[in-house]
Amino acid sequence: MADNPLSRFMGGSPVWVLLRLIVLSVVIGVILSALGLDPLNILQSLQRLVFNLFNFSFEAIGRVWGYFLLGAVVVIPLWLLMRIANRGR
């Protein structure tokens, strides 16, 4: 590697550093686009992302609560019957 100031500043060959930055920018851009972020209004997009994640988490908690109640309708009475049946032993 050449020991010139530009190479030292960029951390390597300027051409390779620029190519890596371009590829990394495209990859990160695809990921951010998949998350629904828009570069023109990044703050609003981040706010919308956080809001959607917040809503999603509460929907997930609601779903788990529903599954818990559905299972508890069967599990709790069976457990209680088994406890009562084994009490005499």
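Note that these values count all heavy atoms, side chains included, but never hydrogens, waters or copies made by symmetry. This one's a predicted model, so the numbers in the text were calculated from it and none came from an experiment.
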Gap between atom CG of Leu53 and atom CZ of Arg48 - 0.5 Å precision: 12.0 Å
With Phe58 via ring-ring contact (aromatic ring centres under 6.0 Å, His included) - residues at least two apart: Phe54
Between Ser33 (side chain) and Gly29 (backbone), is there a donor-acceptor pair under 3.5 Å? no
Measuring from atom CG of Leu81 to atom CD1 of Ile76, what distance do you get when rounded to the nearest 0.5 angstrom? 11.5 Å
With sequence neighbours excluded, residues passing side chain to side chain contact (heavy atoms under 4.5 Å, CB included) with Arg20: Val17
Which other residues belong to the hydrophobic cluster containing Leu40, where Ile, Leu, Val, Met, Phe, Trp and Tyr are joined when side-chain heavy atoms lie under 4.5 Å apart, directly or via other members? none
Nearest heavy atoms of Leu49 and Leu35, plus distance in Å: CD1-O, 3.6 Å
Are Leu32 and Leu43 grouped together when hydrophobic residues (ILVMFWY) are joined by side-chain heavy atoms under 4.5 angstrom apart? yes
Leu80/Ile84 under side chain to side chain contact (heavy atoms under 4.5 Å, CB included): CA gap, chis, key distance, verdict: CA-CA 6 Å; Leu80 189 59; Ile84 291 172; 4.2 Å; yes
Member of Val26, Ile28, Ile22 meeting the side-chain contact (heavy atoms from CB on, under 4.5 Å) criterion with Leu24: Ile28
Connected-component partners of Leu19 among ILVMFWY, side-chain separation under 4.5 Å: Val15, Trp16
Taking the hydrophobic residues Ile, Leu, Val, Met, Phe, Trp and Tyr, and joining any pair whose side-chain heavy atoms are under 4.5 Å apart, which ones share a cluster with Leu69? Trp65, Phe68
Holding to side chain to side chain contact (heavy atoms under 4.5 Å, CB included), I want the full list of residues that pass it with Leu6, two or more places apart in sequence or in another chain. Asn4, Met10, Pro14
From Arg83 CZ over to Arg87 CZ, what is the distance, rounded to the nearest 0.5 angstrom? 10.0 Å
